[in-house]
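Read the structure below first, then the notes.
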Amino acid sequence: MPLNEKRWDKAFEEPLYKGWRNKYPFDEKTTLPIYSIDTPPPYVNSPIHIGHAVTYAMMDFFARFKRMTGHHVLFPLGLDRNGLPIEMAAEKKFNMGANEVPRKKFVQMCNQVLEESSEESIDSFAKLGISFSSWSFGTKLGDAYYTDSDTYRALTQATFIDLWNKGLVYEEKRLNNFCPGCQTTIADSEIERKEKDAFFNHVKVRVKETGEDVVIATTRPELLSTNAILIFNPTDKRYRHLDGKTAITPIYGHEVPIVADREAAKDFGTGIAYMSASAGDQDAVRFLRKRNIKAVQSVGEDGKMLPITGSLEGLTTKQARAKIIELLKEQGLLVKQEKIRHSVPICERSKHEIEFIAMKEYYLKQVEFKNTIKKLSKATPFYAPHSKQILNDWIDSVTMDWAISRRRVYATEIPLWYCKACSTSIVPPPGKYYRPWAEDPPVKACPKCKGKEFEPEMRVFDTWFDSSVSPLYILHYTDKPTFFKKAYPVSLRPQGKEIVRTWLFYSLLRCYQLTDQLPFDGVWINYHILDENGKKMSKSVGNVIDPHDIIKQYGAEVFRLWIATEGNITEGDLRCSSERIAGAGKFLTKLWNIARFISMFPDPPTKKPALLDIDTWILTELDKRIAEANKEFLNYNFHQPIMSLREFMWNIFADHYIELVKSRAYNKEGTFSKKEQEAALYTLNHVLDTALTAFAPVLPFITAKIMKDRCGKDVHEEPFPKQGTTQSTLSTVLLTTLDSVIWQAKKQAGKSLRTPVTIKELPQEIKPIEADFRAAHSIEGEIRYKKMKPEDVVISLSH
RNA sequence: GGGCCGGUCGUCCAGUGGUCAGGACGCCACCCUUACACGGUGGAUGUCAGCGGUUCGAAUCCGCUCCGGCCCACCA
């Protein structure tokens with residue numbers, strides 16, 4: 001059946017993607033090998049950005065390819081709805097703090113925000129033609145899921161209970177990263193750094209034994225009350241004589257030791273520094289742990305100074321800093337204030353400066369698993385391989401266990417109660433979703449002291465504690481153990497490089513702790529989409545490209561083709577410009593017209609006819625590309641094979657083969673036999689069908705439409721083409737050069753390409769295809785064949 | 001300070017030892033040749049960041065340097 005429309009139109013996409021919405025459900029009873037993708041649930045609160053669009057489209061390449069190679073694909077859609085961003089959105093919307101309203105009310109407020117923002121983001125995915133297993137939210141295998149659903153939270157809690165019972169969780173009071181903005185402890189991985197202006201305050205300190213003054217430099221003078229030690233570098237001659245002496249803390253008069261320590265930098269500040277037991281930064285935290293100095297809190301959980309700081313009590317750290325500077329000035333102890341720029345730790349979400357406060361938190365053991373995770377990392381293939389380094393670097397830098405408890409509201413509750421009488425922890429049985437703050441404990445009396453009064457745990461989990469069990473969630477770890485056993489590990493974990501230290505690391509840790517196995521068969525790491533100038537896209541800069549607009553303007557298919565042709569996102573960042581996306585679309589028109597041309601001829605014979613040499617030649621060329629696609633698609637490399645197929649279709653198949661066999665396909669003058677004509681028709685159709693099938697994972701729309709309109713078949717039900725066995729000896733370079741030489745000769749003479757020519761001698765390789773060649777170039781007269789280069793062919797124009 | 005990625009025509013990217021270094025977009029010229037002017041044919045444009053080394057031969061391998069981007073560790 002001939003194609004009617006003159007060119008590909010993005011309007012063709014809508015009925016197609018609508019038709020795919022329920023086309024690829026997951027059947028747990030499948031006998032096919034299972035291929036599962038642990039999709040990264042995007043956060044609902046913000047619309048899908050271009051990076052999501054690109055990476056999800058690529059996951060769709062993988063899913064469609066795997067289906068065509070005989071796999072049953074689990075490709076779930078998930079949305080992440082836990083955590084701070086939702087709380088912050090709710091606080092903003094209702095202009096109320098989370099702590100100002102009853103918990104129940106605040107959870108309702110969060111739910112309302114979620115209600116309003118959830119569905120919109122899915123729309124872009126649908127338009128992109130993503131073949132998710134399901135688009136409806138539910139609890140069946142393959143269903144779309146929310147990370148805050150009761151089922152998901154029940155799984156998170158069940159895994160906590162398991163780890164608790166295995167003795168991998170403990171509670172301890174330690175200096176922790178505390179974000180005054182979020183009012184909660186946060187993990188090291190949630191800390192960013194920011195350059196800030198500050199004053200380096202040079203302060204005199206009296207040495208007790210010698211009576212001399214040394215000058216220390218500090219950016220945090222408000223922590224002087226908890227001064228624990230003065231340090232200088234052992235190689236520093238200026239201070240060597242002070243080793244083992246005693247310093248008297250200014251203002252407070254406490255006596256502290258002076259010691260030599262390698263961590264003191266000779267050339268920084270004055271070379272001698274004080275270390276506060278309340279820790280001014282992460283480095284100090286580590287130092288205190290090393291020297292076994294007991295942490296003393298000087299800043300309260302509300303960010304205000306505690307009584308230990310004397311006259312600073314009740315002030316914020318900022319006010320306290322100003323006040324103590326005044327006090328030091330009054331006493332003549334402030335030598336000078338030097339303006340410096342230094343980096344301070346800030347919370348990656350609220351951007352507040354981190355305070356280090358001693359609080360009791362739950363920890364999950366991870367330090368003792370470092371070597372194990374290193375091994376898991378080693379055993380897991382990464383695409384691209386060099387991305388593994390990001391993970392290994394992070395593993396090496398882990399020095400403390402993971403603080404998993406958070407003092408927030410909209411997240412999975414820690415499922416614990418405590419006996420009021422004897423403080424025994426009450427752990428419920430796994431399998432249900434528990435909200436201790438709203439429910440009674442699972443026991444009537446404390447198993448230890450028979451007490452009947454209980455205190456609920458109010459804290460929640462770090463959201464990565466939820467996300468890190470996504471492989472277990474999508475394969476139904478707890479409720480379908482038989483299926484889980486068959487399908488685990490997940491086939492592929494695709495994710496961004498920026499969450500290697502969180503999502504990937506924690507997933508490996510937790511899934512291993514729970515299952516004693518590698519969670520993934522492979523990890524695919526994507527880099528980022530930058531704007532056309534190579535800058536990171538951000539709302540404040542205003543260089544954000546919305547995938548919605550791209551799809552609206554160019555269509556999803558153009559966008560998908562651009563993704564495959566622009567470069568390789570597993571190798572490095574890619575730049576995105578709408579001009580280049582538009583340029584990619586030209587090939588769709590070309591492909592459409594190739595198909596339209598071929599579709600205008602009568603149907604080819606169903607049985608393969610005897611082919612002419614030139615037919616075998618094009619099949620051989622096609623085979624090379626099919627072989628490459630089969631090999632590279634397996635390694636998640638779509639860029640090269642698609643470029644190569646595109647080049648083949650345009651510059652070899654259309655430009656040379658089609659031009660050369662056109663006359664035979666029409667056979668208007670009866671120059672060719674019916675069999676020969678059929679051979680051309682067969683080859684034209686066969687190449688087209690094969691190429692369309694090979695393009696189908698990347699270009700699902702146009703290939704489906706062409707296939708359907710021409711012969712009623714669904715290209716996505718076809719098996720991926722296998723490499724054929726055709727062997728042709730005809731040289732592609734020779735043939736294309738020769739075409740070119742003749743076209744050029746006609747052009748230079750200002751003649752039409754149909755102008756008859758006489759060519760007395762041609763390279764001998766052309767002899768087997770003489771009839772096609774003669775017809776294509778309108779060659780008249782006798783031709784002799786000999787060994788020669790195509791460039792040396794003499795063309796004489798007949799008229 | 002450590003790590004990763006990159007530095008190839010005006011622009012964006014391929015190319016990981018072997019003939020004149022490819023493509024796309026853009027540019028120039030000619031052509032509406034009955035699938036396609038979102039096309040065709042042809043053309044211009046590059047000391048492949050720099051220096052040194054390995055090799056018969058290097059954009060490609062090794063070393064150093066410089067320049068971008070990102071991550072980590074950082075300085076009281």
Side-chain angles (χ1 to χ4, degrees), chain A residues 2-3 6-8 188-189 192-193 198 200-201 216-221 223 230-232 263-265 267-276 279-284 286-287 340 342-343 345 384 386-394 396-397 497-498 500-501 525 527-528 530 532-536 558 562 565-568 570-577 579-601 639-640 643-644 646-647 650-651 654-655 658-659 662 666 668 739-740 742-744 746-748 750-755 776 778:
Chain A
L3 301 178
K6 212 175 166 189
R7 58 176 53 115
W8 171 253
D188 286 351
S189 57
E192 281 178 3
R193 297 196 76 95
F200 216 3
N201 302 288
I216 58 163
T218 175
T219 53
R220 303 290 305 267
L223 302 178
L230 252 63
I231 58 167
F232 62 90
E263 299 221 12
D267 53 355
F268 192 77
T270 56
I272 184 159
Y274 95 89
M275 283 298 196
S276 165
D281 62 49
Q282 286 157 294
D283 192 47
R286 192 178 38 78
F287 181 85
I340 57 160
H342 71 158
S343 77
H386 65 72
S387 295
K388 191 180 283 190
Q389 194 62 33
I390 304 172
L391 174 65
N392 289 340
D393 286 352
W394 178 249
D396 288 339
S397 71
K497 64 171 178 179
E498 77 286 359
V500 166
R501 61 182 168 137
I525 303 289
Y527 281 62
H528 292 313
L530 308 174
E532 53 194 329
N533 302 312
K535 290 272 177 303
K536 199 170 164 175
V558 170
W562 170 79
T565 52
E566 182 69 32
N568 191 338
T570 65
E571 294 290 341
D573 295 337
L574 281 191
R575 299 188 188 188
C576 173
S577 87
E579 197 182 300
R580 300 180 55 72
I581 294 174
K586 289 185 173 182
F587 177 66
L588 298 185
T589 311
K590 189 72 190 180
L591 185 60
W592 182 265
N593 276 296
I594 291 170
R596 190 158 74 99
F597 173 67
I598 295 173
S599 74
M600 289 181 331
F601 292 101
H639 174 70
Q640 244 134 280
M643 290 293 275
S644 165
R646 175 179 175 281
E647 198 265 343
W650 202 324
N651 302 111
D655 289 352
I658 292 185
E659 292 304 329
K662 229 175 207 177
Y666 281 117
K668 285 227 173 87
D739 281 338
S740 210
I742 298 171
W743 285 328
Q744 206 167 336
K746 291 186 178 180
K747 189 184 139 58
Q748 270 165 12
K751 302 282 184 185
S752 129
L753 295 180
R754 276 184 302 178
T755 312
S778 309

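Here is how names work: the chains are called A, B, and so on, in the same order as the sequence lines, proteins then strands, and each is numbered from 1. Basis for what follows: all heavy atoms, side chains included, without hydrogens, waters or symmetry-related copies. It should be emphasised that the depicted structure is a prediction, and the values quoted were computed from it without experimental measurement.
- When the side chain to side chain donor-acceptor pair (under 3.5 Å) test is applied to A/Gln389, the partners found at least two apart in sequence or on another chain are A/Asp393.
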Contact list (N/O, under 3.5 angstrom) for nucleotides 24-26 of chain B vs protein:
| residue | atom | partner | partner atom | Å |
| --- | --- | --- | --- | --- |
| B/C25 | O2' | A/Glu579 | OE2 | 3.4 |

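- With sequence neighbours left out, A/Tyr666 forms a ring-ring contact (aromatic ring centres under 6.0 Å, His included) with A/Phe601.
- When the side chain to side chain donor-acceptor pair (under 3.5 Å) test is applied to A/Ser740, no partner is found at least two apart in sequence or on another chain.
- Partners of A/Thr589 by side chain to side chain contact (heavy atoms under 4.5 Å, CB included), not counting sequence neighbours, listed by chain and number: A/Arg7, A/Asn593.
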I'd like a list of close polar pairs between nucleotides 2-5 of chain B and the protein, N/O only, cut-off under 3.5 Å.
| residue | atom | partner | partner atom | Å |
| --- | --- | --- | --- | --- |
| B/G3 | O2' | A/Asp393 | OD2 | 2.7 |
| B/C5 | O2' | A/Glu571 | O | 3.0 |

What string of B, S and - do you get for nucleotides 41-46 of chain B, 5' to 3', if B is base contact, S is sugar-phosphate-only contact and - is no contact with any protein heavy atom under 4.0 Å? BS----

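- For A/Lys497, the side chain to side chain contact (heavy atoms under 4.5 Å, CB included) partners at least two apart in sequence or on another chain are A/Ile390, A/Ile525, A/Tyr527, A/His528, A/Asp573.
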Once Watson-Crick and G-U wobble pairs under 3.5 Å are found, how is RNA chain B written in dot-bracket notation, 5' to 3', with | for any base paired to another strand? ((((((((.[[[[.)..(...]]]].(((((.......))))).....[[[[[..)....]]]]])))))))....

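- Residues forming a salt bridge (Lys or Arg N to Asp or Glu O under 4.0 Å) with A/Glu647 (at least two apart in sequence, or on another chain): A/Arg625.
- The side chain to side chain donor-acceptor pair (under 3.5 Å) check on A/Gln640 picks up nothing, with sequence neighbours excluded.
- Residues forming a ring-ring contact (aromatic ring centres under 6.0 Å, His included) with A/Trp592 (at least two apart in sequence, or on another chain): A/Phe12.
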